[in-house]
Structures are given as C-alpha cells and as structure tokens.
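Protein chains get the first letters and strands the later ones, always in sequence-line order, with residue 1 at the start of each.
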Amino acid sequence: MIRLYDSARAQVTPLESRDKGRVSIYLCGPTVYDLPHLGHGRHALVWDVLRRWLIFSGLEVRFVSNITDIDDKIIARADAEHVGEEEITATYEAAWWAALDALGVARPDATPHATAYVESMVELIEELLERDVAYELDDGLYFDVGAVADYGLLAGQSLESLRSGARVEANPDKRSPLDFALWKNAKFGEPSWSSPFGSGRPGWHTECVVMSLGLLGDGFDIHGGGLDLKFPHHENERAQAVALGRHFAGHWVHHGWVMVGEEKMSKSLGNFTSLTDLLAQTDPRAYRLLVLRSHYRSPIEVSPSTIQDAERALARLDALARRFELAPLAGTTLERASSFEWRDEERALYDVVHAAMEDDLDTPAAVAVLFEALTRANTLADEGEGDRARSLAVAIGACFAGLGLRLVADASALDTETATLVARRDQARAQRDWANADRYRGELVALGWIVEDGPSGTVVRRG
RNA sequence: GGCGGCGUGGCCGAGUGGUUAGGCAGGGGCCUGCAAAGCCCCGUACUCCGGUUCGAAUCCGGACGCCGCCUCCA
C-alpha cells in the first residue's frame with residue numbers, strides 16, 4: 001500500500017485504508033469568490049494525480065471535494081459588486097470547473113456545497129452544545145478548544161504555545177483566542193438560516209466535518225488540502241470530531257505552495273497569477289508536468305521560464321506519441337493499469353514507476369524513470385527494434401495516463417492550402433529539387449506549421 | 001516568542017553515507033540534400049565552519065541566509 005506523509009504523525013506512514021481495496025478521500029475545495037489562481041491549480045493537480053494513481057494501481061477510490069459557497073469573502077464581494085451572493089458563487093464556481101476541466105482534472109465523485117448542509121451543521125453544533133464544548137457570546141457560538149485534550153496535534157504544537165502566538169482576536173470575550181466561531185449571528189443584509197440558537201450562518205470549520213463524515217463515514221481514509229489549511233482549519237475540524245467522539249480522518253495529507261518569482265511575474269512580462277490566465281496562454285498539460293516534476297510537499301516555482309521548460313519537455317513526450325502513433329489516454333477517463341498489456345520490459349517499467357509513487361507520491365522520480373524509458377524507446381526504434389520500441393512507448397503512455405498526463409500525437413486535419421504545399425514539397429523532394437522543397441517549407445512555416453520530413457514524406461504539425 | 005521547512009551544477013528539480021537522478025538551456029558529434037525529430041558525448045554541483053567516518057551533498061553541532069505557519073488562504 002502507498003506510504004504517505006501524515007501531518008498528524010509527522011512522518012511518512014503506510015496508508016491503512018478502512019476497507020480493503022477501497023480508499024476514501026475528502027479534499028477541502030475552494031471558496032468561490034474569485035478566479036482560481038496558480039496555487040489552486042497545483043492543488044487540484046496534486047490530488048488528481050493521487051486519485052488517478054490509486055485507481056490506476058487497482059484500488060476503488062471515492063473522492064469527495066466540497067465547494068464553500070457561504071463565507072465572509074463571498075458576502076464582501078457581493079456587497080462590493082452590488083449583486084447577490086448566489087451570483088458571485090455561481091460565477092466563480094463555473095470558473096473553477098472550467099479551469100479544472102482544462103487542466104484535465106477529473107471531477108470528484110461528489111461535490112457537496114456548504115449551503116446544502118446547513119441543517120446538518122446546526123445539528124452538529126447542537127450536539128457540541130450538549131456536550132458543553134461550545135458556548136455563546138453576543139455575536140454567535142464558539143467552540144472551546146480547551147475541551148479537546150490534544151488540540152494542536154496537526155499544528156505540532158501545544159495549546160499553550162499556540163495561544164502565546166495568537167495575533168488576532170476578533171472577539172475579546174472568547175475564552176481562548178484560539179476558540180473559533182461555530183455559528184455567526186445574522187447581520188442585516190447577509191444570508192442567514194434559522195436555527196434553535198437564532199438566525200445566522202455557520203462558521204467555516206464546521207462544514208467539512210459534516211460533509212466528510214456524512215458522505216464518507218466515520219474513519220474515512222484521507223483528508224487533505226494545502227499546507228495552509230493544516231492549521232487552523234483542519235485542526236478545528238478535527239477538534240469538533242474529537243469532541244463528538246467521532247473517528248475522523250485516518251491520514252492527513254497536505255501539499256506545498258506555489259512560489260512566484262515576484263519580479264518575473266510583473267504585469268509587463270505577462271503576469272499570470274490567475275490560473276484562468278495561465279491556461280489561456282499555455283498548454284495546460286505543461287502545468288501538470290511542472291507539478292509532477294516536483295514533490296507535492298515541496299514549494300514549486302511557477303514562472304515563465306519554468307513553464308517554458310515544462311512545455312519543451314512536454315514536446316518530447318508528444319514527439320514520442322507521434323513517432324509511435326499512441327492512442328490518446330487519460331482525458332476524463334480514469335485509467336487502470338490492469339487494462340493494459342505489460343510484457344516483461346514494460347512490467348519492469350511500471351513496477352519502478354509504481355514503487356516511486358508508493359513512496360510518498362514521488363512523482364519526480366516516476367517522471368525521471370519515464371523519461372529514461374522514452375530515450376530507450378527511441379533508441380530501440382533507431383536500431384530497428386520497432387516492435388519492442390512501440391510496446392515500450394505504449395507503456396510509457398499508459399504510465400503517464402496513470403498520472404493524468406495525456407500524450408498527444410496531434411493528428412490535426414490539414415486545410416487545402418497546407419495539403420497542397422505538403423504535396424508540392426514531397427514532389428519537389430522526390431525530384432531532388434531542393435530549392436523548391438525549401439521554398440515550400442518556408443511557406444508552411446510561415447503558416448505556422450512545424451515541418452518534419454519523415455520516412456513517408458513531409459509531416460506538419462502545430463507548434 | 002513558539003513550531004516547521006529550505007539553501008544542489010546556467011535554470012528548474014530529485015537524492016541513498018562510497019556508484020549517472022531527470023528535465024530545460026548550452027557545446028561537440030551521428031543521422032538528414034539542408035532542416036526538424038531522434039541518438040551519442042560533455043559541464044563533474046551540493047551556503048559556510050567544525051565534528052563523526054576509511055569515506056558525507058547525504059549523520060551530528062554551530063554560523064549565515066531564505067521561507068512558511070501561529071489571522072482568511074490550495
């Protein structure tokens with residue numbers, strides 16, 4: 001079974017799934033009040049890769065990721081734009097899915113929305129009140145973190161040391177600055193729900209407890225998100241579950257950030273801090289490859305040069321797909337290794353890639369192995385071992401599919417003008433009329449084509 | 001103040017105490033009518049100072065630098 005770093009234990013630990021052969025994952029999704037940025041993109045990719053690989057290796061995965069559609073920021077944005085909250089959330093949720101679709105991120109099995117679970121949240125809060133771990137102040141209900149013995153487990157700090165570092169105190173009446181809002185009393189003009197403790201709306205940390213336990217059940221396997229969610233969000237979720245005596249996530253997985261080389265990201269250089277912008281100017285697969293080439297817990301740098309680096313590496317992969325005419329895989333479909341044929345050499349490749357992936361999702365190692373295999377496949381083909389070369393190439397494509405990276409052979413249809421130029425060039429070359437052959441190539445290049453002369457004549461493709 | 005992480009060749013980015021990471025860029029060569037694609041070869045890196053060791057980028061100690069979390073955040 002895969003070994004993953006567990007933030008609660010602060011070490012790489014084998015994933016012991018609750019049900020053999022099945023893995024349940026709850027991922028904290030976005031608050032939809034603005035366009036997704038590069039960090040969201042990495043986040044989505046990391047989890048898509050984990051999910052896909054688990055499925056590829058033969059496990060049944062249930063993957064749930066929520067949408068937070070009620071929150072201070074949504075309200076603030078709606079106010080600023082003088083529109084309703086629903087308009088804000090509808091707009092940005094659509095942008096979210098559009099970006100993820102473009103990235104080739106498969107949709108979750110379920111995408112619960114917080115506003116659909118308010119009733120359950122109210123019930124949970126009532127239980128917390130009954131157990132005396134929540135208390136009321138003038139502006140709402142708060143959770144008493146002092147009631148949870150090991151509060152600070154995820155943060156890796158004691159309650160005392162966390163308390164001493166607390167910097168902001170929204171409500172000075174709180175018993176501890178770390179206590180968090182379970183329920184915020186309604187304010188004029190804000191969305192609200194009625195409850196036994198008055199009209200209002202839930203605090204952020206409760207929704208994920210309700211939705212994860214509700215959809216995946218007690219003791220679900222993996223709970224994840226960005227490193228920034230580890231504390232206080234995940235800590236607070238866990239605190240509520242613990243206070244209720246519920247068995248929460250078995251494994252906590254957090255990924256690192258996207259670093260931006262500030263100056264290089266300046267507007268003058270085509271600033272693309274929004275994921276939507278990046279995807280408009282880059283092959284989304286390049287971003288996936290960039291993400292794959294660093295470890296999920298490390299920070300990654302996203303800059304025009306690292307993106308370009310990835311684009312060029314991707315071009316080599318596509319060249320492989322072209323050379324061996326690989327069928328495209330890994331779109332919205334979640335591939336399984338068992339549906340491919342693995343001869344000895346290919347099996348060995350898969351085993352090495354798999355071992356890397358099982359080792360805390362070591363995608364950089366997996367990618368390195370696959371690039372080495374790519375060179376081997378090309379070498380074999382150069383040496384006339386076409387058969388072995390092809391089956392190796394197919395295996396490489398399959399492994400990348402397991403990582404969600406689709407290799408594209410690009411069989412784009414040619415317009416009449418292009419087809420004519422290609423035919424004329426072939427004719428000129430057949431007659432060893434190099435001057436005209438070069439002229440037609442020049443014309444094709446001017447039309448934006450990359451021209452290659454293969455065994456069967458001139459081949460053009462888009463750059 | 002507390003907790004945690006990082007400092008690798010031109011760039012990105014892995015790393016087990018002794019053997020090539022990988023990619024991109026660059027140089028040389030093969031192939032090609034010329035290209036492109038592909039293949040081969042090359043740079044011999046690990047912040048600094050001590051220590052452990054036959055041997056450390058990899059372990060220990062220290063210094064310097066950088067970053068994150070402790071507040072909404074993927």
Student: Round to the nearest Å and state the distance from A/Phe371 atom CZ to B/G22 atom C1'.
Tutor: 8 Å
Student: Over 60° means perpendicular and under 30° means parallel, so tell me whether A/His234 and A/His254 are parallel, tilted or perpendicular.
Tutor: tilted
Student: Using a heavy-atom cut-off of under 4.0 Å over every strand shown, decide if A/His295 touches base, sugar-phosphate, or nothing.
Tutor: sugar-phosphate
Student: Which whole number of Å gives the distance between the C1' atom of B/G43 and that of B/C24?
Tutor: 15 Å
Student: Quote, to the nearest angstrom, the C1' distance that separates B/C39 from B/U58.
Tutor: 33 Å
Student: Between B/G38 atom C1' and A/Arg376 atom CZ, what is the distance in whole Å?
Tutor: 16 Å
Student: On RNA chain B, does the nearest nucleotide to A/Ser294 precede the nearest nucleotide to A/Leu229 from the 5' side, or the other way round? Give the residue.
Tutor: A/Ser294
Student: Aromatic ring centroids of A/His40 and A/His37 under 6.0 Å?
Tutor: yes
Student: Using the benzene-type ring in the case of Trp, are the ring centres of A/Phe248 and A/Phe220 under 6.0 Å apart?
Tutor: yes
Student: Round to a whole Å and report the spacing from CZ of A/Arg77 to P of B/C72.
Tutor: 20 Å
Student: Find which nucleotide of RNA chain B each of A/Ser164 and A/Asp71 is nearest to by heavy atoms, and output the residue with the more 5' nucleotide.
Tutor: A/Ser164
Student: At under 4.0 Å between heavy atoms, what does A/Gly41 touch on the DNA or RNA strands: base, sugar-phosphate, or nothing?
Tutor: nothing
Student: What is the separation between atom NE2 on A/His234 and atom P on B/C72, rounded to the nearest whole Å?
Tutor: 14 Å
Student: Tell me what A/Gly226 touches on the nucleic acid: a base, only sugar-phosphate, or nothing, going by heavy atoms under 4.0 Å.
Tutor: sugar-phosphate
Student: Send over the distance from A/Met259 CE to B/G68 C1', rounded to a whole Å.
Tutor: 8 Å
Student: Locate the shortest heavy-atom distance separating A/Val369 from A/Leu349; write the atom from each residue and the value.
Tutor: CG1-CD1, 3.6 Å
Student: If we count only N and O atoms by modelled type, under 3.5 Å, do the side chains of A/Asn378 and A/Arg323 hold a donor and an acceptor together?
Tutor: yes
Student: Has the side chain of A/Asp453 got a donor or acceptor that lies under 3.5 Å from a partner of the other kind on the base of B/C34?
Tutor: yes
Student: Using a 4.0 Å heavy-atom cut-off, does A/Ala313 contact any base of the nucleic acid, only the sugar-phosphate backbone, or nothing at all?
Tutor: sugar-phosphate
Student: Using atom P of each nucleotide, how far apart are B/C3 and B/G62 to the nearest Å?
Tutor: 14 Å
Student: Just to be sure I understand the rule, does A/Arg425 reach a base, reach only the sugar-phosphate, or reach nothing, if contact means heavy atoms closer than 4.0 Å?
Tutor: base
Student: Using a 3.5 Å limit on both pairing distances, list the dot-bracket string of RNA chain B from the 5' end; Watson-Crick and G-U wobble pairs count, crossing pairs take [ ], interstrand pairs take |.
Tutor: (((((((..(((.....[...))).(((((.......)))))....(((((..]....))))))))))))....
Student: Can you tell me how far C1' in B/G9 sits from the matching atom in B/U20, rounded to whole Å?
Tutor: 14 Å
Student: Within the structure shown, what part of the strands sits under 4.0 Å from A/Arg429 by heavy-atom distance: base, sugar-phosphate, or nothing?
Tutor: base
Student: Roughly how many Å is it from CD in A/Glu452 to C1' in B/C31, rounded to a whole number?
Tutor: 14 Å
Student: In whole Å, I'd like the distance from the CG atom of A/Leu103 to the C1' atom of B/A74.
Tutor: 13 Å
Student: Can you check the A/Leu374 CG to B/A37 P distance for me, whole Å?
Tutor: 13 Å
Student: Regarding B/A25, can its base be found pairing with the side chain of A/Arg312 as donor and acceptor, where the two atoms are less than 3.5 Å apart?
Tutor: no
Student: Could you check which residues of residues 380-389 of chain A get a heavy atom under 4.0 Å from RNA chain B? Sort them by number, please.
Tutor: A/Asp382
Student: When you measure from the side chain of A/Asp438, which nucleotide among B/C70, B/G33, B/C3 comes out closest?
Tutor: B/G33
Student: Using the P atoms only, state how far B/C6 lies from B/G10, rounded to an integer number of Å.
Tutor: 23 Å
Student: Would you say a side-chain N or O of A/Arg323 is under 4.0 Å from OP1 or OP2 of B/C39?
Tutor: no
Student: For A/Val258, answer base if it contacts any base atom (sugar-phosphate contacts may also be present), sugar-phosphate if it contacts only those atoms, and nothing otherwise; contact means non-hydrogen atoms under 4.0 Å.
Tutor: base
Student: Tell whether A/Arg293 reaches the base of B/C12 with its side chain through a donor-acceptor pair below 3.5 angstrom.
Tutor: no
Student: Which whole number of Å gives the distance between the C1' atom of B/A25 and that of B/C11?
Tutor: 7 Å
Student: Using a strict cut-off of less than 4.0 Å between a Lys/Arg side-chain nitrogen and an Asp/Glu carboxylate oxygen, indicate whether A/Asp387 and A/Arg390 qualify as a salt bridge.
Tutor: no
Student: Given the C1' atoms of B/G55 and B/G51, what is the spacing between them in whole Å?
Tutor: 15 Å
Student: Is the shortest side-chain N/O distance from A/Ser305 to OP1 or OP2 of B/A25 below 4.0 Å?
Tutor: no
Student: Say whether A/Asn66 and A/Tyr26, considering side chains only, have a donor N or O and an acceptor N or O under 3.5 Å apart.
Tutor: yes
Student: Look at all strands and tell whether A/Thr375 reaches a base, only sugar-phosphate, or nothing, counting heavy atoms closer than 4.0 Å.
Tutor: sugar-phosphate
Student: If you measure from the C1' atom in B/A74 to the same atom in B/A45, how many Å do you get, rounded?
Tutor: 33 Å
Student: Could I get the full list of salt bridge (charged side-chain N to carboxylate O under 4.0 Å, His left out) partners for A/Arg429, not counting sequence neighbours?
Tutor: A/Asp453
